[in-house]
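Numbers restart at 1 for each chain; the letters A, B, ... are given by sequence-line order, proteins then strands. This structure is a prediction, so every number in the text was calculated from the model and none was measured.
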There are 2 protein chains.
Amino acid sequence: MDLWFCTQTVASVSAPVGTSAERVYEDLRGAIIGGEFPPGERLRTEALAERFGTSRTPVREALMLLEGDGLVEIEPRRGAVVRAFDSNDLVDLYEVRAILEARAAFAAASRITPDELAALDAACDRAEALSGSSRRTVETLMATNEEFHGIVVAAAASPRLTGALRTVAGIPRTFKAVFWAESDECRRSLAAHRDIVASLRAGSAERAESAMRLHVLTARDFLIEVMRDRQD
Amino acid sequence: MDLWFCTQTVASVSAPVGTSAERVYEDLRGAIIGGEFPPGERLRTEALAERFGTSRTPVREALMLLEGDGLVEIEPRRGAVVRAFDSNDLVDLYEVRAILEARAAFAAASRITPDELAALDAACDRAEALSGSSRRTVETLMATNEEFHGIVVAAAASPRLTGALRTVAGIPRTFKAVFWAESDECRRSLAAHRDIVASLRAGSAERAESAMRLHVLTARDFLIEVMRDRQD
DNA sequence: CCGAGCCACTTTGCATGCAATTAGTCCCGT
DNA sequence: ACGGGACTAATTGCATGCAAAGTGGCTCGG
(Lines give C-alpha, C1' and ligand atoms only; values in the text may rest on other atoms or scores of the structure.)
Protein backbone atom coordinates (compact mmCIF):
# COMPACT_ATOMS: atom_id res chain seq x y z
CA MET A 1 0.00 0.00 0.00
CA ASP A 2 1.23 3.41 -0.88
CA LEU A 3 0.87 6.43 1.33
CA TRP A 4 1.28 9.28 -1.09
CA PHE A 5 -2.30 10.30 -0.35
CA CYS A 6 -1.17 11.46 3.07
CA THR A 7 -0.20 14.70 1.43
CA GLN A 8 -3.79 15.30 0.43
CA THR A 9 -6.47 16.66 2.66
CA VAL A 10 -9.14 14.25 3.75
CA ALA A 11 -11.72 16.44 2.10
CA SER A 12 -10.15 16.09 -1.30
CA VAL A 13 -10.28 12.33 -0.99
CA SER A 14 -13.90 12.11 -0.02
CA ALA A 15 -14.84 14.86 -2.48
CA PRO A 16 -12.45 14.72 -5.43
CA VAL A 17 -13.46 18.16 -6.61
CA GLY A 18 -11.27 20.32 -8.78
CA THR A 19 -8.92 19.43 -11.55
CA SER A 20 -5.91 17.24 -11.33
CA ALA A 21 -3.67 20.22 -11.99
CA GLU A 22 -5.03 21.99 -8.93
CA ARG A 23 -4.29 19.05 -6.70
CA VAL A 24 -0.78 18.79 -8.02
CA TYR A 25 -0.40 22.54 -7.49
CA GLU A 26 -1.57 22.38 -3.89
CA ASP A 27 0.44 19.31 -3.02
CA LEU A 28 3.59 20.46 -4.74
CA ARG A 29 3.30 23.87 -3.14
CA GLY A 30 3.00 22.23 0.23
CA ALA A 31 5.96 20.00 -0.47
CA ILE A 32 8.14 22.94 -1.50
CA ILE A 33 7.09 25.15 1.40
CA GLY A 34 7.50 22.19 3.71
CA GLY A 35 11.09 21.89 2.59
CA GLU A 36 10.77 18.53 0.93
CA PHE A 37 12.32 19.95 -2.20
CA PRO A 38 15.29 22.08 -1.22
CA PRO A 39 15.96 25.34 -3.08
CA GLY A 40 17.80 24.80 -6.32
CA GLU A 41 16.47 21.29 -6.79
CA ARG A 42 15.43 20.47 -10.28
CA LEU A 43 11.79 19.55 -10.73
CA ARG A 44 11.44 17.12 -13.60
CA THR A 45 7.95 16.76 -14.92
CA GLU A 46 8.08 13.04 -15.39
CA ALA A 47 9.25 12.29 -11.85
CA LEU A 48 6.58 14.55 -10.40
CA ALA A 49 3.95 13.03 -12.63
CA GLU A 50 4.83 9.61 -11.32
CA ARG A 51 4.76 10.86 -7.75
CA PHE A 52 1.35 12.43 -8.07
CA GLY A 53 -0.10 9.68 -10.17
CA THR A 54 -0.90 11.81 -13.19
CA SER A 55 0.62 12.55 -16.54
CA ARG A 56 3.06 15.33 -17.28
CA THR A 57 0.44 17.79 -18.47
CA PRO A 58 -1.12 18.70 -15.09
CA VAL A 59 2.34 18.79 -13.56
CA ARG A 60 3.45 21.26 -16.16
CA GLU A 61 0.43 23.45 -15.47
CA ALA A 62 1.06 23.32 -11.73
CA LEU A 63 4.65 24.36 -12.27
CA MET A 64 3.55 27.40 -14.24
CA LEU A 65 1.23 28.43 -11.43
CA LEU A 66 4.00 27.96 -8.90
CA GLU A 67 6.23 30.15 -11.00
CA GLY A 68 3.58 32.81 -10.70
CA ASP A 69 3.74 32.42 -6.93
CA GLY A 70 7.49 32.90 -7.04
CA LEU A 71 8.23 29.49 -5.60
CA VAL A 72 9.63 28.00 -8.79
CA GLU A 73 11.76 29.32 -11.58
CA ILE A 74 11.20 28.01 -15.08
CA GLU A 75 13.67 28.61 -17.86
CA PRO A 76 12.29 27.67 -21.25
CA ARG A 77 13.64 24.39 -22.54
CA ARG A 78 15.77 24.05 -19.40
CA GLY A 79 13.29 23.01 -16.82
CA ALA A 80 12.01 24.12 -13.45
CA VAL A 81 13.96 24.50 -10.23
CA VAL A 82 12.87 25.37 -6.72
CA ARG A 83 13.61 29.01 -6.29
CA ALA A 84 16.39 29.92 -3.92
CA PHE A 85 15.95 32.85 -1.59
CA ASP A 86 18.90 35.01 -0.76
CA SER A 87 19.03 37.78 1.80
CA ASN A 88 17.98 40.47 -0.67
CA ASP A 89 15.00 38.46 -1.81
CA LEU A 90 13.80 37.96 1.72
CA VAL A 91 14.11 41.63 2.63
CA ASP A 92 12.22 42.61 -0.49
CA LEU A 93 9.58 40.02 0.16
CA TYR A 94 9.04 40.92 3.79
CA GLU A 95 8.76 44.60 3.06
CA VAL A 96 6.03 44.05 0.52
CA ARG A 97 4.39 41.63 2.88
CA ALA A 98 4.54 44.19 5.68
CA ILE A 99 2.73 46.72 3.53
CA LEU A 100 0.04 44.33 2.42
CA GLU A 101 -0.59 42.68 5.76
CA ALA A 102 -0.64 46.03 7.51
CA ARG A 103 -3.29 47.12 5.09
CA ALA A 104 -5.17 43.88 5.69
CA ALA A 105 -5.14 44.53 9.43
CA PHE A 106 -6.37 48.06 8.83
CA ALA A 107 -9.27 46.88 6.73
CA ALA A 108 -10.03 44.00 9.05
CA ALA A 109 -10.44 46.27 12.06
CA SER A 110 -13.77 47.57 10.84
CA ARG A 111 -15.10 44.33 9.40
CA ILE A 112 -13.97 41.54 11.66
CA THR A 113 -16.71 39.43 13.20
CA PRO A 114 -16.90 38.08 16.78
CA ASP A 115 -16.40 34.61 15.36
CA GLU A 116 -13.19 35.62 13.67
CA LEU A 117 -11.97 37.34 16.81
CA ALA A 118 -12.69 34.18 18.75
CA ALA A 119 -10.76 32.16 16.19
CA LEU A 120 -7.80 34.52 16.57
CA ASP A 121 -7.95 34.14 20.35
CA ALA A 122 -8.08 30.39 19.96
CA ALA A 123 -5.05 30.40 17.69
CA CYS A 124 -3.12 32.48 20.21
CA ASP A 125 -4.21 30.21 23.06
CA ARG A 126 -3.09 27.14 21.20
CA ALA A 127 0.27 28.69 20.44
CA GLU A 128 0.67 29.74 24.05
CA ALA A 129 -0.16 26.31 25.35
CA LEU A 130 2.69 24.84 23.36
CA SER A 131 6.10 24.88 24.88
CA GLY A 132 9.38 23.16 24.24
CA SER A 133 11.03 23.06 20.87
CA SER A 134 10.51 19.59 19.51
CA ARG A 135 10.18 19.29 15.80
CA ARG A 136 6.53 18.56 16.19
CA THR A 137 6.01 21.67 18.28
CA VAL A 138 7.70 23.84 15.69
CA GLU A 139 5.45 22.44 12.99
CA THR A 140 2.35 23.15 15.03
CA LEU A 141 3.47 26.66 15.88
CA MET A 142 4.06 27.46 12.24
CA ALA A 143 0.66 26.12 11.30
CA THR A 144 -0.95 28.19 14.04
CA ASN A 145 0.92 31.27 12.87
CA GLU A 146 -0.24 30.78 9.31
CA GLU A 147 -3.78 30.33 10.52
CA PHE A 148 -3.57 33.57 12.46
CA HIS A 149 -2.39 35.59 9.50
CA GLY A 150 -4.87 33.86 7.26
CA ILE A 151 -7.78 34.88 9.45
CA VAL A 152 -6.68 38.51 9.49
CA VAL A 153 -6.30 38.60 5.73
CA ALA A 154 -9.64 36.89 5.24
CA ALA A 155 -11.30 39.39 7.58
CA ALA A 156 -10.04 42.20 5.36
CA ALA A 157 -12.43 40.83 2.73
CA SER A 158 -10.34 42.12 -0.14
CA PRO A 159 -9.89 39.58 -2.92
CA ARG A 160 -7.16 41.63 -4.52
CA LEU A 161 -5.24 41.98 -1.31
CA THR A 162 -5.48 38.24 -0.77
CA GLY A 163 -4.28 37.62 -4.29
CA ALA A 164 -1.37 40.02 -3.98
CA LEU A 165 -0.33 38.40 -0.71
CA ARG A 166 -0.20 35.02 -2.38
CA THR A 167 2.81 36.21 -4.34
CA VAL A 168 4.74 37.01 -1.17
CA ALA A 169 3.31 34.55 1.34
CA GLY A 170 5.07 31.51 0.02
CA ILE A 171 8.33 31.15 1.83
CA PRO A 172 9.85 27.77 2.42
CA ARG A 173 9.29 26.64 5.94
CA THR A 174 12.98 26.03 6.35
CA PHE A 175 13.47 29.76 6.58
CA LYS A 176 10.54 30.48 8.78
CA ALA A 177 11.30 27.65 11.17
CA VAL A 178 14.06 29.65 12.84
CA PHE A 179 11.45 31.95 14.33
CA TRP A 180 9.68 29.21 16.15
CA ALA A 181 12.73 27.34 17.24
CA GLU A 182 14.01 30.41 19.07
CA SER A 183 11.83 30.72 22.14
CA ASP A 184 12.59 34.42 22.49
CA GLU A 185 11.33 35.25 19.04
CA CYS A 186 8.45 32.92 19.58
CA ARG A 187 7.36 34.84 22.67
CA ARG A 188 7.75 38.17 20.92
CA SER A 189 5.71 36.94 18.03
CA LEU A 190 2.99 35.65 20.29
CA ALA A 191 2.86 38.95 22.17
CA ALA A 192 2.59 40.76 18.86
CA HIS A 193 -0.30 38.52 17.86
CA ARG A 194 -2.10 39.30 21.11
CA ASP A 195 -1.56 42.97 20.46
CA ILE A 196 -2.99 42.69 16.98
CA VAL A 197 -6.06 40.89 18.27
CA ALA A 198 -6.59 43.55 20.92
CA SER A 199 -6.32 46.26 18.27
CA LEU A 200 -8.82 44.51 16.05
CA ARG A 201 -11.22 43.91 18.93
CA ALA A 202 -11.02 47.60 19.79
CA GLY A 203 -11.82 48.38 16.18
CA SER A 204 -8.78 50.59 16.03
CA ALA A 205 -7.71 50.36 12.42
CA GLU A 206 -4.56 52.42 12.63
CA ARG A 207 -3.38 50.63 15.73
CA ALA A 208 -3.98 47.26 14.12
CA GLU A 209 -2.15 48.42 11.01
CA SER A 210 0.85 49.60 13.01
CA ALA A 211 0.91 46.49 15.14
CA MET A 212 0.89 44.25 12.09
CA ARG A 213 3.56 46.25 10.32
CA LEU A 214 5.73 46.14 13.40
CA HIS A 215 5.19 42.42 13.68
CA VAL A 216 6.19 41.65 10.11
CA LEU A 217 9.14 44.04 10.07
CA THR A 218 10.39 42.58 13.34
CA ALA A 219 10.29 39.17 11.75
CA ARG A 220 12.18 40.56 8.78
CA ASP A 221 14.95 41.98 10.93
CA PHE A 222 15.28 38.80 12.92
CA LEU A 223 15.51 36.77 9.75
CA ILE A 224 18.17 39.05 8.32
CA GLU A 225 20.20 38.78 11.49
CA VAL A 226 19.99 35.02 11.52
CA MET A 227 21.06 34.79 7.90
CA ARG A 228 24.00 37.10 8.49
CA ASP A 229 25.12 35.08 11.48
CA ARG A 230 24.91 31.85 9.56
CA GLN A 231 26.73 33.03 6.50
CA ASP A 232 29.52 34.86 8.33
CA MET B 1 -1.57 48.73 -40.49
CA ASP B 2 -2.79 47.61 -37.15
CA LEU B 3 -1.57 48.97 -33.85
CA TRP B 4 -2.26 46.09 -31.52
CA PHE B 5 1.47 45.61 -31.19
CA CYS B 6 1.55 48.72 -29.05
CA THR B 7 0.78 46.46 -26.14
CA GLN B 8 3.89 44.44 -26.82
CA THR B 9 7.45 45.42 -26.39
CA VAL B 10 9.42 45.83 -29.54
CA ALA B 11 11.90 43.30 -28.29
CA SER B 12 9.37 40.51 -28.29
CA VAL B 13 8.60 41.18 -31.92
CA SER B 14 12.13 41.25 -33.18
CA ALA B 15 13.22 38.34 -31.02
CA PRO B 16 10.49 35.70 -30.96
CA VAL B 17 12.05 34.06 -27.93
CA GLY B 18 10.18 32.14 -25.30
CA THR B 19 7.62 29.41 -25.42
CA SER B 20 4.45 29.37 -27.39
CA ALA B 21 2.41 29.56 -24.20
CA GLU B 22 4.11 32.81 -23.27
CA ARG B 23 3.28 34.37 -26.58
CA VAL B 24 -0.33 33.31 -26.31
CA TYR B 25 -0.35 34.68 -22.77
CA GLU B 26 1.00 38.05 -23.82
CA ASP B 27 -1.19 38.37 -26.88
CA LEU B 28 -4.33 37.21 -25.17
CA ARG B 29 -3.66 39.49 -22.23
CA GLY B 30 -3.27 42.38 -24.62
CA ALA B 31 -6.47 41.44 -26.41
CA ILE B 32 -8.45 41.27 -23.18
CA ILE B 33 -7.03 44.49 -21.75
CA GLY B 34 -7.55 46.10 -25.12
CA GLY B 35 -11.21 45.26 -24.93
CA GLU B 36 -11.29 42.88 -27.84
CA PHE B 37 -12.91 40.25 -25.66
CA PRO B 38 -15.63 41.91 -23.61
CA PRO B 39 -16.16 40.89 -19.98
CA GLY B 40 -18.23 37.77 -19.66
CA GLU B 41 -17.19 36.42 -23.04
CA ARG B 42 -16.43 32.76 -23.12
CA LEU B 43 -12.93 31.83 -24.16
CA ARG B 44 -12.94 28.48 -25.89
CA THR B 45 -9.59 26.86 -26.17
CA GLU B 46 -10.04 25.58 -29.69
CA ALA B 47 -11.05 28.93 -31.13
CA LEU B 48 -8.13 30.65 -29.42
CA ALA B 49 -5.77 27.93 -30.57
CA GLU B 50 -6.83 28.53 -34.14
CA ARG B 51 -6.47 32.28 -33.75
CA PHE B 52 -2.95 32.05 -32.36
CA GLY B 53 -1.84 29.27 -34.65
CA THR B 54 -1.06 26.75 -31.94
CA SER B 55 -2.71 23.79 -30.37
CA ARG B 56 -4.98 23.85 -27.33
CA THR B 57 -2.24 23.05 -24.85
CA PRO B 58 -0.42 26.40 -24.83
CA VAL B 59 -3.76 28.20 -24.86
CA ARG B 60 -4.84 26.30 -21.80
CA GLU B 61 -1.62 27.20 -20.03
CA ALA B 62 -2.01 30.86 -20.95
CA LEU B 63 -5.55 30.85 -19.59
CA MET B 64 -4.34 29.50 -16.26
CA LEU B 65 -1.76 32.28 -16.05
CA LEU B 66 -4.39 34.87 -16.89
CA GLU B 67 -6.58 33.48 -14.15
CA GLY B 68 -3.69 34.14 -11.79
CA ASP B 69 -3.66 37.73 -13.03
CA GLY B 70 -7.34 38.04 -12.28
CA LEU B 71 -8.27 38.73 -15.88
CA VAL B 72 -9.98 35.43 -16.52
CA GLU B 73 -12.17 33.15 -14.46
CA ILE B 74 -11.94 29.43 -14.99
CA GLU B 75 -14.54 27.07 -13.65
CA PRO B 76 -13.44 23.46 -13.88
CA ARG B 77 -15.13 21.59 -16.68
CA ARG B 78 -17.09 24.70 -17.58
CA GLY B 79 -14.55 26.81 -19.35
CA ALA B 80 -12.97 30.21 -19.09
CA VAL B 81 -14.67 33.59 -19.30
CA VAL B 82 -13.28 37.11 -19.34
CA ARG B 83 -13.70 38.41 -15.84
CA ALA B 84 -16.24 41.15 -15.32
CA PHE B 85 -15.39 44.04 -13.02
CA ASP B 86 -18.07 45.60 -10.92
CA SER B 87 -17.79 48.73 -8.83
CA ASN B 88 -16.68 46.86 -5.70
CA ASP B 89 -13.97 45.03 -7.59
CA LEU B 90 -12.58 48.24 -8.99
CA VAL B 91 -12.50 49.98 -5.62
CA ASP B 92 -10.76 47.02 -4.06
CA LEU B 93 -8.32 46.83 -6.91
CA TYR B 94 -7.45 50.51 -6.93
CA GLU B 95 -6.91 50.63 -3.20
CA VAL B 96 -4.41 47.81 -3.32
CA ARG B 97 -2.83 49.39 -6.33
CA ALA B 98 -2.57 52.71 -4.51
CA ILE B 99 -0.70 51.06 -1.65
CA LEU B 100 1.69 49.19 -3.89
CA GLU B 101 2.41 52.00 -6.33
CA ALA B 102 2.88 54.46 -3.50
CA ARG B 103 5.45 52.13 -2.05
CA ALA B 104 7.07 51.80 -5.45
CA ALA B 105 7.34 55.58 -5.70
CA PHE B 106 8.84 55.70 -2.21
CA ALA B 107 11.47 53.14 -3.06
CA ALA B 108 12.14 54.65 -6.47
CA ALA B 109 12.95 58.07 -5.00
CA SER B 110 16.28 56.88 -3.66
CA ARG B 111 17.23 54.63 -6.56
CA ILE B 112 16.03 56.27 -9.73
CA THR B 113 18.69 57.06 -12.32
CA PRO B 114 19.00 60.17 -14.47
CA ASP B 115 18.11 58.06 -17.49
CA GLU B 116 14.89 56.94 -15.89
CA LEU B 117 14.04 60.48 -14.89
CA ALA B 118 14.62 61.58 -18.46
CA ALA B 119 12.35 58.81 -19.68
CA LEU B 120 9.64 59.97 -17.29
CA ASP B 121 10.02 63.53 -18.56
CA ALA B 122 9.80 62.29 -22.10
CA ALA B 123 6.62 60.36 -21.36
CA CYS B 124 5.07 63.46 -19.80
CA ASP B 125 6.16 65.60 -22.74
CA ARG B 126 4.63 63.19 -25.20
CA ALA B 127 1.37 63.10 -23.29
CA GLU B 128 1.33 66.90 -23.09
CA ALA B 129 1.95 67.30 -26.79
CA LEU B 130 -1.16 65.30 -27.54
CA SER B 131 -4.45 67.07 -27.61
CA GLY B 132 -7.88 66.35 -28.89
CA SER B 133 -9.76 63.20 -28.12
CA SER B 134 -9.61 61.06 -31.20
CA ARG B 135 -9.52 57.34 -30.71
CA ARG B 136 -5.91 57.29 -31.73
CA THR B 137 -5.04 59.95 -29.21
CA VAL B 138 -6.72 58.06 -26.39
CA GLU B 139 -4.80 54.92 -27.28
CA THR B 140 -1.52 56.78 -27.26
CA LEU B 141 -2.29 58.51 -23.99
CA MET B 142 -3.05 55.22 -22.32
CA ALA B 143 0.15 53.68 -23.64
CA THR B 144 2.11 56.67 -22.35
CA ASN B 145 0.44 56.39 -18.99
CA GLU B 146 1.30 52.74 -18.71
CA GLU B 147 4.86 53.49 -19.66
CA PHE B 148 5.07 56.13 -16.95
CA HIS B 149 3.86 53.83 -14.22
CA GLY B 150 6.02 51.03 -15.54
CA ILE B 151 9.16 53.14 -15.26
CA VAL B 152 8.38 54.12 -11.68
CA VAL B 153 7.75 50.52 -10.67
CA ALA B 154 10.88 49.36 -12.45
CA ALA B 155 12.90 52.05 -10.68
CA ALA B 156 11.74 50.67 -7.34
CA ALA B 157 13.82 47.59 -8.21
CA SER B 158 11.65 45.31 -6.13
CA PRO B 159 10.77 42.08 -7.90
CA ARG B 160 8.13 41.21 -5.36
CA LEU B 161 6.48 44.58 -5.65
CA THR B 162 6.45 44.21 -9.42
CA GLY B 163 4.94 40.77 -9.09
CA ALA B 164 2.28 41.88 -6.65
CA LEU B 165 1.33 44.74 -8.93
CA ARG B 166 0.79 42.37 -11.80
CA THR B 167 -2.23 41.03 -9.99
CA VAL B 168 -3.86 44.44 -9.83
CA ALA B 169 -2.47 46.18 -12.89
CA GLY B 170 -4.58 44.38 -15.43
CA ILE B 171 -7.71 46.35 -15.98
CA PRO B 172 -9.49 46.28 -19.29
CA ARG B 173 -8.79 49.40 -21.23
CA THR B 174 -12.46 49.98 -21.71
CA PHE B 175 -12.63 51.10 -18.10
CA LYS B 176 -9.48 53.12 -18.13
CA ALA B 177 -10.31 54.83 -21.37
CA VAL B 178 -12.77 57.16 -19.65
CA PHE B 179 -9.88 58.92 -17.94
CA TRP B 180 -8.24 59.90 -21.12
CA ALA B 181 -11.35 60.78 -23.00
CA GLU B 182 -12.24 63.39 -20.37
CA SER B 183 -9.82 66.21 -20.96
CA ASP B 184 -10.25 67.49 -17.39
CA GLU B 185 -9.17 64.23 -15.86
CA CYS B 186 -6.45 63.95 -18.43
CA ARG B 187 -4.99 67.28 -17.38
CA ARG B 188 -5.21 66.40 -13.70
CA SER B 189 -3.50 63.13 -14.35
CA LEU B 190 -0.76 64.77 -16.32
CA ALA B 191 -0.19 67.34 -13.59
CA ALA B 192 0.01 64.52 -11.06
CA HIS B 193 2.62 62.80 -13.19
CA ARG B 194 4.70 65.95 -13.33
CA ASP B 195 4.43 66.24 -9.58
CA ILE B 196 5.59 62.66 -9.13
CA VAL B 197 8.58 63.22 -11.39
CA ALA B 198 9.51 66.36 -9.47
CA SER B 199 9.30 64.44 -6.21
CA LEU B 200 11.47 61.66 -7.54
CA ARG B 201 14.00 64.10 -8.95
CA ALA B 202 14.18 65.81 -5.59
CA GLY B 203 14.81 62.43 -4.02
CA SER B 204 11.95 63.05 -1.63
CA ALA B 205 10.62 59.60 -0.94
CA GLU B 206 7.67 60.56 1.22
CA ARG B 207 6.57 63.24 -1.18
CA ALA B 208 6.76 60.84 -4.10
CA GLU B 209 4.83 58.27 -2.11
CA SER B 210 2.09 60.73 -1.24
CA ALA B 211 1.91 62.08 -4.75
CA MET B 212 1.53 58.62 -6.20
CA ARG B 213 -1.08 57.60 -3.66
CA LEU B 214 -3.03 60.75 -4.36
CA HIS B 215 -2.81 60.10 -8.08
CA VAL B 216 -4.12 56.56 -7.90
CA LEU B 217 -6.84 57.33 -5.37
CA THR B 218 -7.97 60.26 -7.48
CA ALA B 219 -8.29 57.92 -10.41
CA ARG B 220 -10.26 55.53 -8.23
CA ASP B 221 -12.73 58.19 -7.19
CA PHE B 222 -13.21 59.43 -10.72
CA LEU B 223 -13.82 55.91 -11.93
CA ILE B 224 -16.38 55.28 -9.19
CA GLU B 225 -18.19 58.46 -10.08
CA VAL B 226 -18.29 57.59 -13.75
CA MET B 227 -19.61 54.13 -13.05
CA ARG B 228 -22.31 55.47 -10.73
CA ASP B 229 -23.38 57.98 -13.33
CA ARG B 230 -23.57 55.37 -16.01
CA GLN B 231 -25.48 52.83 -14.03
CA ASP B 232 -27.99 55.25 -12.54
C1' DC C 1 47.17 16.43 -18.57
C1' DC C 2 43.61 19.54 -20.17
C1' DG C 3 40.30 21.42 -23.43
C1' DA C 4 37.31 21.39 -27.53
C1' DG C 5 34.16 19.07 -30.33
C1' DC C 6 30.94 15.38 -31.24
C1' DC C 7 27.47 11.95 -30.15
C1' DA C 8 23.91 9.76 -27.52
C1' DC C 9 20.57 10.21 -23.94
C1' DT C 10 17.46 13.00 -21.42
C1' DT C 11 13.99 16.31 -20.98
C1' DT C 12 11.07 19.77 -22.42
C1' DG C 13 7.27 21.70 -25.25
C1' DC C 14 3.63 21.09 -28.48
C1' DA C 15 0.09 18.43 -30.96
C1' DT C 16 -3.41 15.24 -30.92
C1' DG C 17 -6.49 11.36 -29.32
C1' DC C 18 -9.82 9.95 -26.04
C1' DA C 19 -12.82 9.74 -22.08
C1' DA C 20 -15.72 12.42 -18.96
C1' DT C 21 -18.68 16.07 -18.22
C1' DT C 22 -21.73 19.65 -19.46
C1' DA C 23 -24.94 22.49 -22.28
C1' DG C 24 -28.50 22.43 -25.45
C1' DT C 25 -32.39 20.34 -27.72
C1' DC C 26 -36.09 17.60 -28.54
C1' DC C 27 -39.58 14.56 -27.24
C1' DC C 28 -42.90 12.78 -24.26
C1' DG C 29 -46.04 12.64 -20.41
C1' DT C 30 -49.22 15.04 -17.63
C1' DA D 1 -49.25 24.12 -23.08
C1' DC D 2 -45.63 23.34 -19.85
C1' DG D 3 -42.22 20.80 -17.23
C1' DG D 4 -39.10 16.89 -16.91
C1' DG D 5 -36.00 13.62 -18.76
C1' DA D 6 -33.07 11.62 -22.01
C1' DC D 7 -30.25 12.05 -26.00
C1' DT D 8 -26.85 14.55 -28.90
C1' DA D 9 -23.31 17.63 -29.69
C1' DA D 10 -19.79 20.41 -28.00
C1' DT D 11 -16.02 21.23 -24.87
C1' DT D 12 -12.96 20.44 -21.35
C1' DG D 13 -9.16 17.84 -19.05
C1' DC D 14 -5.81 14.27 -19.19
C1' DA D 15 -2.64 11.02 -21.42
C1' DT D 16 0.61 10.11 -24.75
C1' DG D 17 3.46 10.56 -29.11
C1' DC D 18 6.94 13.09 -31.34
C1' DA D 19 10.19 16.58 -32.65
C1' DA D 20 13.52 19.92 -30.93
C1' DA D 21 16.67 21.56 -27.67
C1' DG D 22 19.69 20.69 -23.95
C1' DT D 23 22.93 18.00 -20.89
C1' DG D 24 26.49 14.96 -20.02
C1' DG D 25 30.03 11.97 -21.34
C1' DC D 26 33.37 10.42 -24.53
C1' DT D 27 36.97 10.77 -27.73
C1' DC D 28 40.52 13.00 -29.97
C1' DG D 29 43.89 16.54 -30.51
C1' DG D 30 47.14 19.73 -28.57
Covered region of DNA chain D, 5' end to 3' end, by chain B [heavy atoms, under 4.0 Å]: D:dT11 to D:dC14
Separation of atom CZ in A:Arg42 from atom P in C:dT11, rounded to whole Å: 7 Å
Cationic N near anionic O, under 4.0 Å, B:Asp89 to B:Arg83: yes
Residue whose nearest DNA chain D nucleotide is more 5′ - A:Thr57 or B:Gly79: B:Gly79
Candidates C:dA20, C:dG13, C:dT12 - which lies nearest the side chain of A:Arg44: C:dT12
Parallel, tilted or perpendicular, as decided by the 30° and 60° cut-offs, for the rings of B:Phe175 and B:Phe85: perpendicular
Sugar-phosphate, base or nothing in reach of B:Ser20, heavy atoms under 4.0 Å: sugar-phosphate
Identify all side-chain donor-acceptor contacts of residues 161-174 of chain A below 3.5 Å with residues at least two apart in sequence or on another chain.
from     : atom 1 : to       : atom 2 : distance (Å)
A:Thr162 : OG1    : A:Ser158 : O      : 3.1
A:Arg166 : NE     : A:Asp69  : OD1    : 3.3
A:Arg166 : NH2    : A:Asp69  : OD1    : 3.0
A:Thr167 : OG1    : A:Ala164 : O      : 2.7
A:Arg173 : NH2    : A:Glu146 : OE1    : 3.4

A:Glu67 CD - C:dT12 C1' separation (whole Å): 14 Å
Rounded distance in Å - CD (A:Glu46) to P (C:dT12): 8 Å
Over 12 foreign heavy atoms within 6.0 Å of CD, B:Glu41: yes
Touch class at under 4.0 angstrom, heavy-atom based, for A:Ala49 against every strand present: nothing
Spacing of A:Met212 atom CE and A:Arg97 atom CZ [to the nearest 0.5 Å]: 8.0 Å
Sugar-phosphate only, base, or nothing, as touched by A:Leu63 at under 4.0 Å among non-hydrogen atoms: nothing
Within-4.5 Å side-chain heavy-atom neighbours: B:Glu101 and B:His149: yes
side-chain contact (heavy atoms from CB on, under 4.5 Å) evaluation trace for B:Arg42 with B:Val81: CA-CA 4 Å; B:Arg42 262 191 90 178; B:Val81 298; 3.7 Å; yes
Sugar-phosphate only, base, or nothing, as touched by B:Arg56 at under 4.0 Å among non-hydrogen atoms: base
Euclidean distance, atom CZ of residue B:Arg23 to atom C1' of C:dG13 [Å, nearest integer]: 11 Å
Touch class at under 4.0 angstrom, heavy-atom based, for A:Arg78 against every strand present: sugar-phosphate
